[in-house]
Chemist: 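Provided herewith is a single structure, encoded as C-alpha cells, for subsequent inquiry.
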Amino acid sequence: MRSPTETAASCESEPIHIPGGIQPHGWLIAFTASGRVTHVSANVSALGGLHPGEAIGKTLAEMLPAEARSLAAGSLGLLEWARRGTGGFVRQVRITGQWCQCFAHRVGDQLILEIEPETRPGVFGAAGMADTLQADVLDFSREAEDLGAWQDVVHLATRTARRLSGFDRVLIYRFDSAWNGCVVAEDGNGKLPSLLGRHFPASDIPAQAREMYRRNRLRLIQDAGYTPVAIVPACGPDSDSPLDLRQAVLRSVSPLHLQYMRNMGTMASMSASLIVDGQLWGLVAFHSRDPHFPTLPVRSAVDFLAHMLSGGIAARANAERAQQLLVTQAHHDRLLAAMAAASPPRPEVLADEVGDLLALTGAEGAAIVTETDCLSVGQTPDEASIRRIAAWLAAEGYPTQISAGVFVTDNLAAVWPEGARLVARASGVLAVSISELHPSFVMWFRPEVVQTLDWAGEPEHKSADAAGRIWPRDSFALWRQTVHRTALSWAPYQQEAARRLRQAIVGVVMRRAEELAGVNRELVRTNTELEAFSYSISHDLRAPFRHIVGYAELLREHLGTGYAEPGRRYLQTIVDSALSAGQLVDDLLAFSRLGRTALAYHRVNMHKLVEETQRSLELEAAGRRVAWRIGTLPPAWGDPAMLRQVLLNLLSNALKYSRGRDPAEISVFGEVVAGGHRYTVQDNGAGFDMAYAGKLFGVFQRLHLSEQYEGTGIGLALVRRIVERHSGRVEAFGEVGVGARFTFVLPEPDSRSQR
Amino acid sequence: MTELRPILLVEDSPRDLELTLEALKKTQLANEIVVARDGVEALDFLYSRGGFAGRNLPDPAVIMLDLKLPRIDGLEVLERVKNDAALRHLPVVMLTSSREERDLVRSYQLGVNAFVVKPVSFKEFYQAIQELGIFWAILNEPPPASGVGADA
C-alpha cells in the first residue's frame with residue numbers, strides 16, 4: 001500500500017496557526033498588559049474610525065468608539081480573566097448601532113480581543129433558543145446512555161448535531177493509528193453526497209492542524225468564498241514572528257483549506273474536536289453547500305455536544321479496554337501457570353497451550369524460537385522461515401523497530417523484503433524477545449487480509465497551478481483501493497499483552513536462575529561441611545585404629561612366647577580388624593575425594609599403564625601361576641592418576657577372584673567403538689550371578705563373604721565413579737564359576753573441544 | 001661437634017606419644033628425646049624460653065612434628081621455624097594421621113623436610129620411625145654450627 005501521508009507534503013509545512021489574517025466578518029485587536037495596542041486587523045477603521053497604522057501604539061480606550069470604551073476600561077480585568085482560562089465569550093456590546101459579540105483570549109503576554117458584529121439578523125440567537133438547544137443536547141445524552149457501542153452513539157450524535165446546527169451534512173470522522181481518517185457516521189439532507197465509510201489520507205488533516213484541533217475545539221468557516229483580512233503589522237512589535245492566532249475565533253484558514261472546501265463543494269464548514277484521553281480521537285464535521293451562519297448559541301451547543309460525545313466515547317473505550325484486559329489476563333495467567341509448572345520453567349511449554357497462546361494476541365499462529373528449539377502452533381510459516389525471521393529480528397528488526405519492548409508490524413514485507421513470500425501466513429508479526437543472552441523470541445502471526453479501502457478521491461492525486469504550487473485534489477469521487485500484504489492491525493491491548501507475557505517469561509526464567517544460584521550456594525556450603533567432616537574423619541578415626549594395632553603389637557611383645565592359643569589368635573584378630581578398619585577409612589576418603597578433585601585430562605598410554613599396574617600387583621600374585629594376556633590398547637583421554645586407580649582395582653579384583661584357578665587367566669584388551677574407546681578386563685575366576693550385576697558397583701556392595709575374598713567393598717564403586725566423571729560408562733558380565741568381564745568406555749574428545 | 005643433638009618430638013596424643021617413644025626406643029638411638037606436648041612448648045624449647053629457659057641441650061637433630069596440636073598447631077610451628085634464619089636449617093618431619101592433600105601441599109610450601117602419614121600397621125609405623133630416626137639423627141650431616149643462619 002502506498003502511503004497517502006506523502007500526499008500534499010507542502011501542506012505539512014504550512015504555518016497554519018499564523019495565517020496572518022482573519023475572516024472578514026469581525027475585527028481583531030491585540031494589546032499588552034499595559035493596554036497598548038500592538039496589532040489590529042486591517043478592517044479596523046470600520047470600528048472606530050482610526051486607520052490601522054494610527055491604532056498601533058494607542059491605548060484601547062483611545063482607538064475604540066465612545067460607546068465601546070467600557071471594554072477598554074475593563075481591559076486589565078479582561079487580561080486577568082483570560083489568564084485563568086483559554087478564553088471565550090466575554091460580553092455583548094453595542095457599537096455604531098450594531099450589537100457585537102466580544103471574545104477574548106490570551107497569547108503569551110498579549111490579550112487578543114475579537115469583536116463580531118451581528119451582520120445578519122438572528123445570528124446571535126433568539127430569546128429562548130439556548131434553552132431549546134440545551135434540551136436537544138440533554139436528549140442526546142439520555143438516549144446515548146442506553147446505547148452500548150460507540151458506533152451507535154456517534155450515529156445518534158450526527159442526527160442531533162445536524163438538527164441543532166442546520167448544516168446540510170454532519171460527519172463523524174475517526175482517526176486510525178496512522179492518522180488516516182474514516183467517516184464512521186453521517187447524517188445529511190441529501191444536498192451533499194454521502195461520504196459514509198470513505199477514507200481520507202492523513203495528509204488531508206496534517207499534523208500541525210491536528211495539534212491545533214486538540215487545543216482549539218471548535219472552528220467555523222461561514223463562507224469559503226471570503227477574502228481574508230490581514231493583521232497589521234504582519235510581525236512584531238518586539239519579535240519577528242507574526243501574531244499567534246491558533247485560538248482566534250475569526251482565524252482565517254489556509255488558502256489550501258479553502259481550495260479543499262471549494263473542491264468538495266462545501267462553502268461552509270464547522271468542526272468540533274473529539275478528544276479522548278487527551279488525544280484527538282476524531283472530529284464532528286459540519287458542511288453546507290452554501291454559506292451558513294450558525295448562531296452563537298448553536299456554536300456553544302455544538303461545543304457542548306462534542307464534549308459530551310467525547311466523554312461517551314471515552315467511557316465506552318475504557319469499558320471495552322477493561323473487558324479486553326480481563327480476557328487477556330485470563331489467557332496470560334493460564335500461560336504463566338503452565339510455564340511455572342514445568343520443571344525447569346521454560347518458555348517452550350507455551351506451545352502446548354495453543355488456545356491461550358493464540359487468543360492472547362488474537363493471532364492465527366505463534367512460534368517459540370529459542371537457542372535450541374523452534375516450536376510452532378496454528379498457521380505459521382515453515383520452520384526454516386521462522387528461523388529466518390528470528391535471525392532478522394535479532395540482527396536488525398528487534399533492535400531498530402521495537403516500541404515498548406514489542407516488535408510489531410502489519411506488513412512484514414514492508415520492513416523486511418524477504419517477508420513478501422510469507423504474506424499468506426505472516427503479514428502481521430508481533431514478537432517479543434525472551435532472553436538477554438540468546439536470540440530467543442515468542443512470535444505471533446496474522447495472515448494477509450486483502451482489504452478494500454474506499455477513499456474520498458484518489459489520495460495521491462494532486463493538481464498543480466501554473467506556478468507549480470500543489471493544490472489539494474479536486475475530486476472526491478469514490479476511489480477504491482485494494483490493499484495487499486497487510487494483516488489486521490494488532491490492537492494496543494494485544495501488543496500490551498505480548499509485552500506483559502515477555503516480562504513474565506523473563507521474570508520466571510530469572511527467578512529460576514536465582515533459585516539455582518541459591519541451590520548452588522547451599523551445595524557449596526554442604527560441600528564445605530562434608531570436606532570438614534572427611535578431614536576430621538581422616539584424622540580422628542584413623543588414629544584409634546592405629547593405637548589399637550600399636551598396643552596389640554606391644555602387648556604381643558610384652559607377653560613374648562609365654563602365652564598359648566587361643567590368646568595368640570585373639571590378639572591377631574584385634575590387629576587384623578583394626579587394620580581393615582583403617583583401610584576402610586582410607587578407601588572411603590579416596591572415594592569422597594574423587595568427587596571434588598578436578599580431572600586433569602591428558603592423552604594416556606593405556607598399554608603402558610596396564611603393564612605398570614600389573615607389575616605393582618606382582619607381590620599379590622606371588623606363588624601363583626597367572627597367565628596375563630595384554631592385547632593392544634588404544635590410548636585414552638583422561639586423568640592418568642584416576643585411570644591408574646581404575647586399572648588397579650579391576651586388575652587386583654581379577655587376581656583376587658581367580659585365586660582358585662591354576663593357572664589364572666587374566667586378559668586385558670581394548671578396541672575403538674562408537675563414541676570412544678572400550679577397555680576390557682576379563683578373568684576365569686569365581687565370577688558372579690548376573691542377577692546381582694546391578695549391585696556390583698554400589699558402595700559396600702559385596703557378592704562374596706569377606707572371609708572368602710577380603711576387601712572393603714569400595715573398589716568397584718570407585719571405578720564407576722571415576723569412569724562416570726570421565727563421561728564414560730562401565731559394565732560387568734559374569735557367570736558363577738566361569739569368570740567375570742568388566743568393560744569401560746571412555747569417550748574421545750572429537751565432539752568436544754580438542755586440546 | 002661433640003655434643004649429641006636431641007630429637008624434638010612434638011605430640012599431643014599420649015597414646016601416639018607412647019607408641020612413638022616405643023618405636024624410637026627400639027631404634028636404640030643415643031640421642032636424647034625431648035618431648036613437647038603442643039606448639040607453644042615446641043617453640044619454647046627452640047627459643048630456650050618458658051619451661052626450657054636456659055636449656056643445656058643443643059638444637060635438635062630433627063623435629064618430629066604432629067600436625068594437629070593444641071594452642072599453636074604443627075603448620076604454624078613449621079612456618080615459624082622456616083621463617084627464622086636461625087632455625088630454618090633444622091630438619092622438620094611432619095608426622096600426621098591425615099592424608100589430606102592440602103596439608104601436604106601447605107607443608108611443602110612452608111619448606112618441610114619430610115611428610116609422613118603414620119601407617120595404621122604398627123610394624124610399618126615402627127619401621128618409619130626407625131628410618132626417620134636413623135636418617136636424621138645419625139646419617140644426616142647438619143650444616144656447620146658457625147655460619148648457619150647467616151645466609152638469610
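In what follows, every chain begins at residue 1, and chains take the letters A, B, ... in the order their sequences are listed.
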Chemist: May I ask you to test the Phe122(B)-Val575(A) pair for a side-chain heavy-atom distance under 4.5 Å?
Modeler: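 Of all side-chain heavy-atom pairs linking Val575(A) with Phe122(B), none is under 4.5 Å.
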Chemist: Which bit of Ala552(A) is near chain B, if near means a heavy-atom gap under 4.5 Å: side chain, backbone, both or neither?
Modeler: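 Neither part.
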Chemist: Which residues in residues 110-120 of chain B have a heavy atom less than 4.5 Å from any heavy atom of chain A?
Modeler: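 Near chain A, by residue number: Val117(B), Lys118(B), Pro119(B), Val120(B).
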Chemist: Which members of residues 19-47 of chain B, sorted by number, sit under 4.5 angstrom from chain A on a heavy-atom basis?
Modeler: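 Hits under 4.5 Å: Leu19(B), Glu22(B), Lys26(B).
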Chemist: Near Leu523(A) CG, under 6.0 Å, is it more than 12 heavy atoms from other residues, nucleotides or ligands?
Modeler: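 Result for CG/Leu523(A): enclosed.
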Chemist: Side chains of Glu553(A) and Tyr126(B): does their closest heavy-atom pair fall under 4.5 Å?
Modeler: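 Heavy-atom side-chain distance check fails, nothing below 4.5 Å.
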Chemist: Around atom CZ of Arg55(B), are there more than 12 heavy atoms from other residues, nucleotides or ligands closer than 6.0 Å?
Modeler: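 Enclosed.
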Chemist: Does any part of the side chain of Asp16(B), heavy atoms only, come nearer than 4.5 Å to the side chain of Arg546(A), both counted from C-beta?
Modeler: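 The answer is yes; the side chains approach within 4.5 Å.
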Chemist: Is there a side-chain contact between His547(A) and Ser13(B) in this structure, where contact means two heavy atoms from C-beta onward sitting under 4.5 Å apart?
Modeler: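 Sidechains of Ser13(B) and His547(A): in contact.
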Chemist: For Arg729(A), does the CZ atom sit with more than 12 other heavy atoms under 6.0 Å from it, leaving out its own atoms?
Modeler: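 Not more than 12 within 6.0 Å, no.
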